[in-house]
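Just so you know, residue 1 is the first one in the sequence shown, and it goes up from there. None of the values given here were measured: they were computed from a predicted structure.
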Amino acid sequence: MRVTRIIIVALVLFIVIAVGAYFLLSGGGGGGATPTTAGGPDGSASAGQTAPAAQEPGLPPPTPTPAIQFVDVVAAAEDIPMGTRLTPEMLALVRRPDSNIAVVAGVSHADPSLLVGQFARTDIAAGQEILSPMLGLVATDMGAAGSDLSLYVSQGQVAVAFPISSFTGVAYSMRPGDLVDVVMSLTMIQVDPEFRSALPNSSERVDQQALLEGQSFLFPATGQGRLELIPELNLVAEILPGTDGSPLSRQVTQLTIQRAEVLWVGSWGPTPPALTRAAPPPEAEESVEGDASGLDDGIAPVQTTVRTQPTAYRPDVVILSLSAQDALALKWAQETGVHLNLALRSQGDSSTFVTASVSLPLSVEQSILTIPEGGDFDLETRFEEAPIPFLPPAPPTP
(Lines give C-alpha, C1' and ligand atoms only; values in the text may rest on other atoms or scores of the structure.)
Protein backbone atom coordinates (compact mmCIF):
# COMPACT_ATOMS: atom_id res chain seq x y z
CA MET A 1 0.00 0.00 0.00
CA ARG A 2 2.83 2.33 0.83
CA VAL A 3 4.57 1.52 -2.43
CA THR A 4 1.41 2.37 -4.39
CA ARG A 5 1.19 5.81 -2.71
CA ILE A 6 4.82 6.58 -3.59
CA ILE A 7 4.21 5.64 -7.21
CA ILE A 8 1.15 7.93 -7.45
CA VAL A 9 3.07 10.91 -5.98
CA ALA A 10 5.97 10.36 -8.37
CA LEU A 11 3.54 10.21 -11.31
CA VAL A 12 1.92 13.51 -10.32
CA LEU A 13 5.29 15.23 -10.02
CA PHE A 14 6.29 13.93 -13.45
CA ILE A 15 3.11 15.31 -15.02
CA VAL A 16 3.62 18.75 -13.40
CA ILE A 17 7.24 18.95 -14.56
CA ALA A 18 6.26 17.89 -18.08
CA VAL A 19 3.52 20.53 -18.36
CA GLY A 20 5.86 23.27 -17.08
CA ALA A 21 8.56 22.29 -19.53
CA TYR A 22 6.01 22.41 -22.39
CA PHE A 23 4.93 26.00 -21.57
CA LEU A 24 8.51 27.16 -21.19
CA LEU A 25 9.58 25.70 -24.51
CA SER A 26 6.47 26.76 -26.51
CA GLY A 27 6.16 30.35 -25.10
CA GLY A 28 9.74 31.45 -25.73
CA GLY A 29 10.08 32.82 -22.23
CA GLY A 30 6.47 34.18 -22.21
CA GLY A 31 7.05 36.76 -24.96
CA GLY A 32 5.01 35.34 -27.84
CA ALA A 33 6.42 34.39 -31.23
CA THR A 34 10.13 34.28 -32.00
CA PRO A 35 11.39 37.64 -33.39
CA THR A 36 11.74 37.71 -37.10
CA THR A 37 15.12 38.61 -38.54
CA ALA A 38 15.66 39.99 -41.96
CA GLY A 39 18.80 39.56 -43.94
CA GLY A 40 17.47 40.01 -47.45
CA PRO A 41 18.57 42.59 -50.01
CA ASP A 42 15.87 45.20 -48.96
CA GLY A 43 18.16 46.39 -46.15
CA SER A 44 15.34 46.71 -43.62
CA ALA A 45 17.46 45.16 -40.88
CA SER A 46 20.75 43.37 -40.75
CA ALA A 47 20.97 39.67 -39.86
CA GLY A 48 20.47 38.93 -36.18
CA GLN A 49 18.79 42.37 -35.42
CA THR A 50 15.17 42.86 -34.36
CA ALA A 51 12.98 45.07 -36.61
CA PRO A 52 11.22 48.01 -34.88
CA ALA A 53 7.69 47.00 -33.84
CA ALA A 54 6.15 50.62 -33.93
CA GLN A 55 7.16 51.49 -37.50
CA GLU A 56 5.31 50.18 -40.49
CA PRO A 57 7.40 49.00 -43.42
CA GLY A 58 7.96 51.67 -46.12
CA LEU A 59 7.11 54.79 -43.91
CA PRO A 60 9.70 57.56 -43.18
CA PRO A 61 10.94 57.95 -39.61
CA PRO A 62 8.92 60.41 -37.37
CA THR A 63 9.96 64.14 -37.25
CA PRO A 64 11.02 65.49 -33.82
CA THR A 65 8.49 67.95 -32.20
CA PRO A 66 9.86 71.57 -32.36
CA ALA A 67 10.19 73.68 -29.17
CA ILE A 68 7.24 76.08 -28.39
CA GLN A 69 7.98 79.79 -29.07
CA PHE A 70 6.19 82.57 -27.09
CA VAL A 71 5.42 86.13 -28.24
CA ASP A 72 4.10 89.31 -26.54
CA VAL A 73 0.36 90.00 -26.93
CA VAL A 74 -1.62 93.00 -25.62
CA ALA A 75 -4.37 92.02 -23.16
CA ALA A 76 -6.76 93.89 -20.86
CA ALA A 77 -5.28 94.70 -17.46
CA GLU A 78 -8.78 95.29 -16.08
CA ASP A 79 -12.41 94.94 -17.12
CA ILE A 80 -13.04 97.37 -20.00
CA PRO A 81 -16.73 98.23 -20.64
CA MET A 82 -17.99 98.73 -24.16
CA GLY A 83 -17.43 102.26 -25.46
CA THR A 84 -14.46 102.99 -23.18
CA ARG A 85 -11.55 104.94 -24.62
CA LEU A 86 -8.39 102.92 -23.93
CA THR A 87 -5.69 104.35 -21.68
CA PRO A 88 -2.20 102.95 -20.94
CA GLU A 89 -3.34 101.77 -17.49
CA MET A 90 -5.94 99.47 -19.07
CA LEU A 91 -3.39 97.55 -21.17
CA ALA A 92 -0.82 94.89 -20.28
CA LEU A 93 1.55 92.58 -22.16
CA VAL A 94 1.11 88.81 -21.78
CA ARG A 95 2.96 85.84 -23.30
CA ARG A 96 1.19 83.61 -25.78
CA PRO A 97 2.52 80.78 -28.00
CA ASP A 98 3.16 81.76 -31.60
CA SER A 99 0.71 79.03 -32.62
CA ASN A 100 -2.13 81.00 -30.98
CA ILE A 101 -4.95 81.37 -33.51
CA ALA A 102 -5.16 85.17 -32.97
CA VAL A 103 -1.40 85.51 -33.49
CA VAL A 104 -1.47 83.36 -36.59
CA ALA A 105 -4.46 85.32 -37.98
CA GLY A 106 -2.72 88.66 -37.34
CA VAL A 107 -5.56 90.19 -35.27
CA SER A 108 -3.58 90.49 -32.02
CA HIS A 109 -1.30 93.39 -31.08
CA ALA A 110 2.20 93.52 -29.59
CA ASP A 111 2.52 97.31 -28.94
CA PRO A 112 0.12 98.77 -26.33
CA SER A 113 0.84 102.37 -27.39
CA LEU A 114 -0.84 101.74 -30.75
CA LEU A 115 -4.14 101.00 -28.99
CA VAL A 116 -4.24 104.02 -26.66
CA GLY A 117 -7.11 106.35 -27.61
CA GLN A 118 -9.15 103.74 -29.46
CA PHE A 119 -12.63 102.68 -28.36
CA ALA A 120 -13.75 99.27 -27.12
CA ARG A 121 -16.57 98.05 -29.36
CA THR A 122 -17.49 95.31 -26.88
CA ASP A 123 -16.97 94.43 -23.23
CA ILE A 124 -13.42 93.11 -22.67
CA ALA A 125 -12.70 91.06 -19.54
CA ALA A 126 -9.47 91.41 -17.56
CA GLY A 127 -6.76 89.15 -19.01
CA GLN A 128 -8.54 88.78 -22.36
CA GLU A 129 -6.50 89.42 -25.50
CA ILE A 130 -7.47 92.65 -27.27
CA LEU A 131 -8.11 91.86 -30.92
CA SER A 132 -8.60 94.21 -33.87
CA PRO A 133 -12.35 93.49 -34.28
CA MET A 134 -12.88 94.59 -30.67
CA LEU A 135 -11.66 98.15 -31.33
CA GLY A 136 -12.82 101.26 -33.17
CA LEU A 137 -10.68 104.23 -34.15
CA VAL A 138 -13.46 106.85 -34.08
CA ALA A 139 -16.88 107.13 -32.50
CA THR A 140 -18.65 106.28 -35.76
CA ASP A 141 -17.07 102.82 -35.67
CA MET A 142 -19.36 101.92 -32.80
CA GLY A 143 -22.40 101.59 -35.05
CA ALA A 144 -25.61 101.32 -33.06
CA ALA A 145 -23.88 100.60 -29.75
CA GLY A 146 -25.02 103.95 -28.29
CA SER A 147 -24.68 107.69 -28.66
CA ASP A 148 -21.48 108.88 -30.32
CA LEU A 149 -21.18 111.70 -27.80
CA SER A 150 -21.21 109.25 -24.86
CA LEU A 151 -17.97 107.75 -26.16
CA TYR A 152 -16.18 111.03 -25.45
CA VAL A 153 -17.41 111.22 -21.83
CA SER A 154 -14.86 109.83 -19.37
CA GLN A 155 -15.91 107.17 -16.88
CA GLY A 156 -17.49 108.75 -13.80
CA GLN A 157 -18.37 111.96 -15.67
CA VAL A 158 -21.55 113.29 -17.28
CA ALA A 159 -22.13 115.57 -20.26
CA VAL A 160 -24.11 118.79 -19.73
CA ALA A 161 -25.14 121.41 -22.28
CA PHE A 162 -24.47 124.96 -21.17
CA PRO A 163 -25.74 128.10 -22.98
CA ILE A 164 -23.09 130.65 -23.89
CA SER A 165 -22.77 134.05 -25.45
CA SER A 166 -19.79 136.02 -26.67
CA PHE A 167 -19.14 137.23 -23.12
CA THR A 168 -19.84 134.07 -21.12
CA GLY A 169 -18.26 131.68 -23.67
CA VAL A 170 -14.76 133.22 -23.94
CA ALA A 171 -15.71 134.89 -27.24
CA TYR A 172 -16.46 131.47 -28.83
CA SER A 173 -12.77 130.55 -28.67
CA MET A 174 -13.27 127.14 -26.99
CA ARG A 175 -12.62 123.90 -28.87
CA PRO A 176 -13.18 120.23 -27.96
CA GLY A 177 -10.51 119.08 -25.53
CA ASP A 178 -10.12 122.44 -23.74
CA LEU A 179 -10.50 122.69 -19.96
CA VAL A 180 -12.61 125.49 -18.52
CA ASP A 181 -13.57 126.76 -15.07
CA VAL A 182 -17.00 128.12 -14.15
CA VAL A 183 -17.15 131.50 -12.37
CA MET A 184 -20.41 132.35 -10.57
CA SER A 185 -21.68 135.72 -9.33
CA LEU A 186 -24.50 135.53 -6.81
CA THR A 187 -26.73 138.43 -5.80
CA MET A 188 -27.98 138.00 -2.24
CA ILE A 189 -30.45 139.86 -0.05
CA GLN A 190 -31.46 139.48 3.58
CA VAL A 191 -34.78 137.70 4.13
CA ASP A 192 -37.15 137.10 7.00
CA PRO A 193 -36.40 133.62 8.41
CA GLU A 194 -40.09 132.79 8.75
CA PHE A 195 -41.75 134.48 5.78
CA ARG A 196 -38.75 133.94 3.45
CA SER A 197 -39.47 137.39 2.04
CA ALA A 198 -37.05 140.25 1.55
CA LEU A 199 -36.40 142.50 4.52
CA PRO A 200 -37.42 145.00 5.73
CA ASN A 201 -40.97 143.84 6.42
CA SER A 202 -43.92 146.19 6.07
CA SER A 203 -46.00 146.83 9.18
CA GLU A 204 -49.54 148.15 9.83
CA ARG A 205 -49.91 149.55 13.33
CA VAL A 206 -53.13 149.32 15.28
CA ASP A 207 -55.07 152.42 16.38
CA GLN A 208 -56.27 151.35 19.82
CA GLN A 209 -58.97 154.05 20.07
CA ALA A 210 -60.43 153.19 16.66
CA LEU A 211 -60.36 149.52 17.60
CA LEU A 212 -62.39 150.17 20.76
CA GLU A 213 -64.90 152.29 18.82
CA GLY A 214 -65.34 149.63 16.16
CA GLN A 215 -63.84 151.71 13.40
CA SER A 216 -61.05 150.92 10.95
CA PHE A 217 -58.13 150.48 13.30
CA LEU A 218 -55.12 149.87 11.00
CA PHE A 219 -52.75 152.64 10.04
CA PRO A 220 -51.38 152.67 6.47
CA ALA A 221 -48.67 150.12 5.86
CA THR A 222 -45.15 151.39 6.35
CA GLY A 223 -41.73 149.84 6.17
CA GLN A 224 -40.52 148.31 9.37
CA GLY A 225 -37.86 150.53 10.86
CA ARG A 226 -36.07 150.94 14.17
CA LEU A 227 -36.39 153.24 17.18
CA GLU A 228 -33.52 155.60 17.89
CA LEU A 229 -32.95 158.41 20.35
CA ILE A 230 -32.49 161.79 18.69
CA PRO A 231 -30.04 163.60 20.98
CA GLU A 232 -30.84 167.04 19.61
CA LEU A 233 -34.55 166.62 20.43
CA ASN A 234 -34.11 164.25 23.33
CA LEU A 235 -36.92 162.22 21.84
CA VAL A 236 -37.24 158.70 20.50
CA ALA A 237 -38.01 158.55 16.79
CA GLU A 238 -38.60 155.71 14.36
CA ILE A 239 -36.10 155.42 11.54
CA LEU A 240 -37.72 153.97 8.41
CA PRO A 241 -36.12 152.60 5.22
CA GLY A 242 -35.77 154.68 2.06
CA THR A 243 -38.63 155.91 -0.03
CA ASP A 244 -39.32 152.66 -1.87
CA GLY A 245 -38.19 150.36 0.93
CA SER A 246 -36.56 147.90 -1.48
CA PRO A 247 -33.54 146.07 -0.01
CA LEU A 248 -30.08 146.56 -1.39
CA SER A 249 -28.54 143.38 -2.75
CA ARG A 250 -25.10 142.04 -1.95
CA GLN A 251 -23.02 140.42 -4.67
CA VAL A 252 -20.33 137.78 -4.24
CA THR A 253 -18.24 136.10 -6.97
CA GLN A 254 -16.57 132.72 -6.65
CA LEU A 255 -14.71 130.20 -8.79
CA THR A 256 -16.86 127.11 -8.26
CA ILE A 257 -16.35 124.39 -10.92
CA GLN A 258 -12.83 123.57 -12.09
CA ARG A 259 -11.35 121.52 -14.95
CA ALA A 260 -14.55 120.87 -16.88
CA GLU A 261 -13.69 119.38 -20.27
CA VAL A 262 -15.17 120.87 -23.43
CA LEU A 263 -16.66 118.03 -25.47
CA TRP A 264 -18.31 120.11 -28.15
CA VAL A 265 -19.06 123.71 -29.11
CA GLY A 266 -22.46 124.13 -30.73
CA SER A 267 -25.20 121.59 -31.33
CA TRP A 268 -23.98 117.99 -31.61
CA GLY A 269 -23.56 116.84 -35.22
CA PRO A 270 -21.32 114.79 -37.50
CA THR A 271 -19.08 117.82 -38.23
CA PRO A 272 -17.87 120.19 -35.51
CA PRO A 273 -19.61 123.44 -36.48
CA ALA A 274 -17.36 125.43 -34.15
CA LEU A 275 -14.37 124.56 -36.30
CA THR A 276 -15.91 125.71 -39.57
CA ARG A 277 -17.30 128.87 -41.04
CA ALA A 278 -20.61 129.17 -42.76
CA ALA A 279 -20.34 129.01 -46.53
CA PRO A 280 -21.19 132.25 -48.32
CA PRO A 281 -24.65 132.35 -49.87
CA PRO A 282 -24.96 132.09 -53.64
CA GLU A 283 -25.58 135.79 -53.96
CA ALA A 284 -22.40 136.57 -52.03
CA GLU A 285 -20.40 136.17 -55.23
CA GLU A 286 -21.20 138.80 -57.78
CA SER A 287 -19.73 139.54 -61.17
CA VAL A 288 -19.37 143.19 -62.13
CA GLU A 289 -18.83 144.13 -65.73
CA GLY A 290 -16.40 146.99 -66.17
CA ASP A 291 -16.88 149.95 -68.44
CA ALA A 292 -15.65 149.02 -71.92
CA SER A 293 -16.14 152.45 -73.48
CA GLY A 294 -13.19 153.71 -75.47
CA LEU A 295 -11.92 150.16 -76.16
CA ASP A 296 -11.61 148.58 -79.56
CA ASP A 297 -14.50 146.37 -80.61
CA GLY A 298 -12.34 143.25 -80.47
CA ILE A 299 -11.56 143.55 -76.75
CA ALA A 300 -13.90 141.83 -74.28
CA PRO A 301 -15.18 143.81 -71.25
CA VAL A 302 -13.33 143.39 -67.95
CA GLN A 303 -14.91 140.92 -65.46
CA THR A 304 -14.45 141.73 -61.73
CA THR A 305 -15.53 139.28 -58.99
CA VAL A 306 -16.64 140.77 -55.69
CA ARG A 307 -16.60 138.33 -52.73
CA THR A 308 -18.29 139.13 -49.45
CA GLN A 309 -16.74 138.05 -46.14
CA PRO A 310 -18.32 134.77 -44.88
CA THR A 311 -20.13 135.02 -41.58
CA ALA A 312 -18.39 133.29 -38.65
CA TYR A 313 -20.31 130.56 -36.89
CA ARG A 314 -21.86 131.79 -33.65
CA PRO A 315 -22.59 128.83 -31.36
CA ASP A 316 -25.08 129.27 -28.56
CA VAL A 317 -24.23 126.18 -26.48
CA VAL A 318 -21.18 124.28 -25.23
CA ILE A 319 -21.21 120.65 -24.03
CA LEU A 320 -19.11 120.10 -20.90
CA SER A 321 -17.94 116.87 -19.27
CA LEU A 322 -17.89 117.17 -15.50
CA SER A 323 -18.67 115.25 -12.33
CA ALA A 324 -22.25 114.55 -11.28
CA GLN A 325 -21.96 116.90 -8.29
CA ASP A 326 -20.67 119.73 -10.48
CA ALA A 327 -23.52 119.04 -12.91
CA LEU A 328 -26.02 119.56 -10.08
CA ALA A 329 -24.31 122.80 -9.05
CA LEU A 330 -24.41 124.05 -12.65
CA LYS A 331 -28.09 123.21 -13.02
CA TRP A 332 -28.97 124.90 -9.74
CA ALA A 333 -27.07 128.03 -10.77
CA GLN A 334 -28.80 128.17 -14.16
CA GLU A 335 -32.27 127.84 -12.68
CA THR A 336 -31.77 130.37 -9.87
CA GLY A 337 -30.55 133.23 -12.03
CA VAL A 338 -26.87 133.06 -11.07
CA HIS A 339 -24.56 134.85 -13.51
CA LEU A 340 -22.17 132.29 -15.04
CA ASN A 341 -18.99 132.76 -17.05
CA LEU A 342 -16.50 130.26 -18.42
CA ALA A 343 -12.76 130.80 -17.96
CA LEU A 344 -10.42 129.03 -20.38
CA ARG A 345 -7.41 127.21 -18.95
CA SER A 346 -3.97 126.78 -20.45
CA GLN A 347 -3.38 123.62 -22.46
CA GLY A 348 -2.51 120.73 -20.14
CA ASP A 349 -3.14 122.72 -16.95
CA SER A 350 -4.78 120.36 -14.42
CA SER A 351 -3.93 122.30 -11.25
CA THR A 352 -6.54 123.03 -8.59
CA PHE A 353 -6.95 126.71 -7.71
CA VAL A 354 -7.59 127.76 -4.12
CA THR A 355 -9.52 131.03 -4.20
CA ALA A 356 -11.58 133.16 -1.84
CA SER A 357 -14.96 134.66 -2.58
CA VAL A 358 -14.84 138.26 -3.76
CA SER A 359 -17.33 140.75 -2.33
CA LEU A 360 -17.32 144.42 -1.43
CA PRO A 361 -16.96 143.95 2.36
CA LEU A 362 -14.22 141.36 1.89
CA SER A 363 -12.37 143.58 -0.58
CA VAL A 364 -12.44 146.47 1.89
CA GLU A 365 -11.44 144.22 4.79
CA GLN A 366 -8.44 142.84 2.89
CA SER A 367 -7.44 146.35 1.76
CA ILE A 368 -8.11 145.49 -1.88
CA LEU A 369 -10.43 148.50 -2.02
CA THR A 370 -10.32 151.71 -0.03
CA ILE A 371 -13.52 153.50 0.93
CA PRO A 372 -13.29 156.97 -0.64
CA GLU A 373 -13.49 159.92 1.70
CA GLY A 374 -16.07 162.62 1.32
CA GLY A 375 -15.09 165.81 -0.42
CA ASP A 376 -16.36 169.18 -1.60
CA PHE A 377 -16.25 168.33 -5.30
CA ASP A 378 -17.60 165.68 -7.69
CA LEU A 379 -17.61 164.77 -11.40
CA GLU A 380 -19.68 166.78 -13.84
CA THR A 381 -21.51 163.61 -14.93
CA ARG A 382 -22.24 161.48 -11.91
CA PHE A 383 -20.92 157.93 -12.18
CA GLU A 384 -24.38 156.36 -11.96
CA GLU A 385 -25.51 158.49 -14.90
CA ALA A 386 -22.53 157.75 -17.16
CA PRO A 387 -23.23 155.32 -20.06
CA ILE A 388 -21.67 151.86 -19.75
CA PRO A 389 -19.75 150.68 -22.85
CA PHE A 390 -21.14 147.51 -24.42
CA LEU A 391 -20.75 145.42 -27.55
CA PRO A 392 -23.59 145.04 -30.04
CA PRO A 393 -25.33 141.61 -30.07
CA ALA A 394 -24.01 140.98 -33.60
CA PRO A 395 -20.69 142.07 -35.11
CA PRO A 396 -20.91 145.00 -37.50
CA THR A 397 -21.25 144.17 -41.19
CA PRO A 398 -18.09 145.05 -43.16
Between the CD atom in Q254 and the CE atom in M184, the distance rounded to the nearest 0.5 Å is 10.0 Å
For M134, which of V107, T122, D123 qualifies under side chain to side chain contact (heavy atoms under 4.5 Å, CB included)? T122
Test item: side-chain donor near acceptor, S323 and Q325, under 3.5 Å: no
Does M174 reach the side chain of V180, with side-chain heavy atoms less than 4.5 Å apart? yes
Side chains of R259 and T352: any donor to acceptor distance under 3.5 Å? yes
Between P163 and Q334, is any pair of side-chain heavy atoms under 4.5 Å apart? yes
With Q118 via side chain to side chain contact (heavy atoms under 4.5 Å, CB included) - residues at least two apart: L115, L135, L137
Run the side chain to side chain contact (heavy atoms under 4.5 Å, CB included) test against D349 and tell me which residues pass, sequence neighbours left out. R345, S346, S351, F353
Hey, what do you get for CG (L320) to CD1 (I257), rounding to the nearest 0.5 Å? 8.5 Å
Are L340 and V358 connected in a single hydrophobic cluster, I mean Ile/Leu/Val/Met/Phe/Trp/Tyr linked by side-chain heavy atoms less than 4.5 Å apart? no
Applying side chain to side chain contact (heavy atoms under 4.5 Å, CB included), name anything that partners S108, two or more places apart in sequence or on another chain. V73, A102, V103, L131
Heavy-atom side-chain contact between V318 and L263 under 4.5 Å: no
Counting neighbours of CG on L233 that are heavy atoms of other residues, nucleotides or ligands and sit closer than 6.0 Å, is the number greater than 12? yes
Measuring from I189:CD1 to Q251:CD, what's the distance to the nearest 0.5 Å? 13.5 Å
Quick one: do V153 and L179 end up in the same hydrophobic cluster if we chain Ile, Leu, Val, Met, Phe, Trp and Tyr together by side-chain heavy atoms under 4.5 Å apart? no
Residues which pass side chain to side chain contact (heavy atoms under 4.5 Å, CB included) with S99, listed by chain and number, not counting sequence neighbours: P97
How close do P176 and W264 get, counting heavy atoms only, and between which atoms? CG-CA, 4.2 Å
Answer whether the closest heavy-atom distance between the side chains of S132 and H109 falls below 4.5 Å. yes
CA sep, side-chain torsions, deciding dist, call: M90, I124, side chain to side chain contact (heavy atoms under 4.5 Å, CB included): CA-CA 10 Å; M90 300 177 182; I124 305 176; over 6 Å; no
For the pair I319 and V265, evaluate side chain to side chain contact (heavy atoms under 4.5 Å, CB included) and give the outcome as yes or no after the intermediate values. CA-CA 6 Å; I319 302 178; V265 181; over 6 Å; no
Linked, directly or transitively: V182 and W332 (ILVMFWY side chains, under 4.5 Å): yes
Restricting to non-hydrogen atoms, name the atom on S154 and the atom on E261 that form the minimum distance, rounded to 0.1 Å. OG-OE1, 4.3 Å
Residues 188-198 vs side chain to side chain donor-acceptor pair (under 3.5 Å), sequence neighbours excluded, gives D192-N201
Could you measure the distance from the CG atom of N341 to the CG atom of L255? Nearest 0.5 Å is fine. 11.5 Å
Find out if a path of hydrophobic residues (ILVMFWY) with successive side-chain heavy-atom gaps under 4.5 Å connects V183 to V170. no
For D72, salt bridge (charged side-chain N to carboxylate O under 4.0 Å, His left out) partners two or more places apart: R95
Nearest heavy atoms of A120 and I80, plus distance in Å: CB-CG2, 4.0 Å
Kindly give the heavy-atom pair with the smallest separation between A75 and G127, and that separation in Å. CB-O, 3.9 Å
Other residues, nucleotides and ligands only: do more than 12 of their heavy atoms fall within 6.0 Å of CD1 on I68? no
Tightest non-hydrogen contact, residues S357 and V252, listed as CB-CG2, 3.5 Å
Could you see if L91 belongs to whatever hydrophobic cluster contains L93? Use Ile, Leu, Val, Met, Phe, Trp, Tyr and a side-chain cutoff under 4.5 Å. yes
Heavy-atom closest pair, residues V317 and A161: CG2-CB, 3.8 Å
Any non-hydrogen side-chain atom of Q347 less than 4.5 Å from a side-chain atom of D178? yes
How long is the span from the OG1 atom in T253 to the CG atom in L186, to the nearest 0.5 Å? 8.0 Å
Mind checking the CG-OG spacing from L342 to S165? Nearest 0.5 Å is all I need. 9.5 Å
